[in-house]
Amino acid sequence: MMLSPQLHKILAVAFFLLSFCAQGKLAGFLPKFPFFGAKSNERQIPDLTPVAGNENGDTVRQLEYRISRLEGVLRLNKIITESGGKIFATNGKRADFDATVEKCKEAGGSIATPRNPGENDAILYFVKYFNTYAYLGIKQSLIPGKFQPLNGGQLSYTNWYSNEPSGRGEEECVEMYTDGTWNDKKCNKNHLIVCQF
Ligand code: MMA
Ligand code: CA
């Protein structure tokens, strides 16, 4: 059966978070949720007993129901944030720009790239929680001082801090400050990994 884009998305988020749980790297993140720090032999195995229903349509509906419940739990616990159907997640770790792009790609997503104030806020939640700047999926174009989304095209939304971008070609990446504004910056800082799915 083909995976729906929604199922694909939530599975990518789940594996992203789980891969770090398994390494114990999420310990410390959301300490009120001790299951994140549990050793592998103590971890709860989810009950994946199929619900009755032989037709593909039923199966898809049931999967969608289960996904929406999972999303509800993740959202409630602020393990993911969401804006307009786009999901954002962090593992609480830091990396430079290239490593962040790679980590997000490995997880089946991409580096967080806000397209409007709602998405900017969804990323900002993690930046504030960890009190750590995050790189965005925006880079200087071939024209120094002009920025564009990683996958090309034009920036239709920006949230530059006053007098930014200021690097005049010397600062090729973009970081989000803890007030949600943006600064062009060198790409080699250790910033919070925030991905979108
Ligand atoms: C730093 C660096 C720049 C930023 C300025 C703002 C001195 O350089 O973070 O990217 O524009 O601070 O003062
Ligand atoms: Ca700058």
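Counting starts at 1 for both ligands and their atoms, in listed order. Residue indices begin at 1 and follow the sequence shown.
Look at E119 and K86 and you find a salt bridge, because one of the NZ, NE, NH1 or NH2 atoms lies within 4.0 Å of a carboxylate O, short of that distance. With respect to the salt-bridge test (charged N to carboxylate O, under 4.0 angstrom), the residues K103 and E106 qualify.
With respect to the Ca ion (ligand 2), E164 has OE1 as its nearest N, O or S atom.
What you find for W182 and Y157 is that their closest heavy atoms are CH2-O, 3.4 Å. Pairing each heavy atom of E171 with each of Q140, the nearest pair is O-OE1, 4.2 Å. Nearest heavy atom pair, residue N190 against residue R94, reads O-NH1, 3.5 Å.
In this structure, atom 4 (C) of ligand 1 has protein heavy atoms in its sub-4.0 angstrom surroundings. At a distance under 4.0 Å, no protein heavy atom can be found next to atom 12 (O) of ligand 1.
D184 contributes O and E171 contributes OE1; the angle these two atoms make at the Ca ion (ligand 2) is 70°, rounded to 10°.
S166 counts as a contact of ligand 1, since one of its heavy atoms falls under 4.0 Å from the ligand.
Nearest protein heavy-atom neighbour of atom 2 (C) of ligand 1: K185 NZ, 3.5 Å. Summary of contacts: the protein heavy atom closest to atom 8 (O) of ligand 1 is E171 OE2, 4.7 Å. Considering only non-hydrogen protein atoms, atom 6 (C) of ligand 1 sits nearest to E164 OE2, 3.6 Å.
Aromatic rings from Y161 and Y177 are positioned such that their centres are separated by under 6.0 Å.
Within the listing of ligand 1, atoms 10 (O) sit less than 4.0 angstrom from a heavy atom of D184.
Note that K78 lies outside the cation-pi zone of Y129, set by a 6.0 Å cut-off to the ring centre and a 45° limit from the axis.
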